[in-house]
Each structure stands twice: as C-alpha cells, then as structure tokens.
Amino acid sequence: MKQLSLTEARARLSTLIAEIGKGKRPIAIAQRSRIKAVLVDPEWDSRVEEELGHYRRLVRQSPLRLRGHMTLAGNLDEALDDLKKEREQSLERVIAGLK
C-alpha cells in the first residue's frame, strides 16, 4: 500500500483521487508517522459496508449474553494499545489483499 504524509496528500489530492478511480491500490495518509486515513475505491467501500451490514444483522439476531461475575486484571491501557495495533494490522492485511 502506498503511504503519503498528510502534507503531500493535500498537495496531490486530485492526482490521488484519479489514481484510485483507475483501480490503483489504496493509499494511506499518515500524520506523524501514523496512518490516519486510507483512500479507497468507492466500489471497495460499498463491499465493505455491505459485509459489515451482514455481520451487524447477525449480531442483532443472536445477541451475546454474559452471565455471572467478572474481575478485570492487568493493565487496561496496555490491552487497549494491543487492540489498536491488532486493528491496524488487520486493516493492513485487508488492504494488502486488494492488491
């Protein structure tokens, strides 16, 4: 996946949009070395929204119910950081699969 800084993306936005429109790979936009946005083809976005809708309907049909007691242990900030990293890696794998 191509990655650009926010400043560079601003300067080349119309060119980047044309590239995406021609079916080129997604383009990541980073701010302070962290990906903040990804430019993707509208068709890809529609497919993702459709897939998410499917899973949301499944969740509504059979909600997960937890019973009993739970004790939280460990560092929650570290756990949240780990989840964020996993989400970013997952997104990168999805985008890599589009290539």
Side-chain angles (χ1 to χ4, degrees):
M1 169 173 49
K2 185 176 186 178
Q3 183 173 329
L4 301 172
S5 70
L6 180 58
T7 306
E8 188 176 359
R10 273 191 197 127
R12 298 181 46 205
L13 186 58
S14 58
T15 304
L16 297 175
I17 291 173
E19 284 182 26
I20 295 294
K22 292 177 184 173
K24 302 256 178 158
R25 63 182 184 222
I27 299 169
I29 300 173
Q31 184 178 32
R32 295 187 182 102
S33 300
R34 297 189 78 190
I35 295 175
K36 295 292 185 171
V38 179
L39 290 176
V40 296
D41 181 274
E43 183 180 313
W44 182 85
D45 182 60
S46 296
R47 287 193 322 254
V48 169
E49 285 297 324
E50 185 178 315
E51 189 78 14
L52 284 173
H54 170 73
Y55 287 111
R56 286 179 181 135
R57 284 189 298 280
L58 286 176
V59 167
R60 274 189 241 123
Q61 291 172 358
S62 59
L64 177 64
R65 293 192 176 115
L66 299 176
R67 294 186 180 141
H69 298 279
M70 178 172 63
T71 303
L72 297 177
N75 187 330
L76 293 179
D77 290 327
E78 284 181 25
L80 287 173
D81 288 340
D82 289 344
L83 284 173
K84 287 177 186 177
K85 287 176 189 174
E86 287 179 26
R87 184 186 68 207
E88 288 174 4
Q89 290 171 349
S90 178
L91 177 61
E92 288 173 4
R93 283 193 303 272
V94 167
I95 291 171
L98 295 174
K99 292 180 184 178

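When a residue number appears, it is its place in the shown sequence, counting from 1.
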To the nearest 0.5 Å, tell me how far [X] [atom1] sits from [Y] [atom2].
X: I29; Y: T7; atom1: CD1; atom2: OG1; answer: 11.0 Å
X: L39; Y: L4; atom1: CG; atom2: CG; answer: 8.5 Å
X: I27; Y: Q3; atom1: CD1; atom2: CD; answer: 11.5 Å
X: R93; Y: E86; atom1: CZ; atom2: CD; answer: 8.5 Å

Inset, instruction - Can you run down the side-chain hydrogen bond (donor to acceptor under 3.5 Å, both in side chains) pairs that involve residues 10-19, sequence neighbours left out, and say none if there aren't any? - result: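 For residues 10-19: K2-E19, E8-R12.
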Inset, instruction - Would you name the heavy atoms of V40 and P26 that are closest together and state the gap between them? - result: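 Where V40 meets P26 most closely, the heavy atoms are CG1-CB, 3.9 Å.
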Inset, instruction - List the atom of R34, the atom of E88, and the distance in Å for their closest heavy-atom pair. - result: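 So the minimum-distance heavy-atom pair works out to NH2-OE2, 3.5 Å.
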Legend entry - Expected output: side-chain S46 to main-chain P42 donor-acceptor under 3.5 Å: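 Such a contact is found between S46 side chain and P42 backbone.
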Inset, instruction - Examine V48 and M1 and state if one hydrophobic cluster contains both, with Ile, Leu, Val, Met, Phe, Trp and Tyr joined whenever side-chain heavy atoms are less than 4.5 Å apart. - result: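 V48 clusters together with M1.
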Inset, instruction - Would you mind reporting whether I20 and W44 have side-chain heavy atoms less than 4.5 Å apart? - result: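 No, their side chains stay 4.5 Å or more apart.
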Legend entry - Salt-bridge contact E43-R47 (side-chain N to carboxylate O under 4.0 Å):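 Yes, this pair counts.
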Inset, instruction - Apply side-chain contact (heavy atoms from CB on, under 4.5 Å) to the pair L91 and I35, showing each step before the final yes or no. - result: CA-CA 11 Å; L91 177 61; I35 295 175; 5.5 Å; no
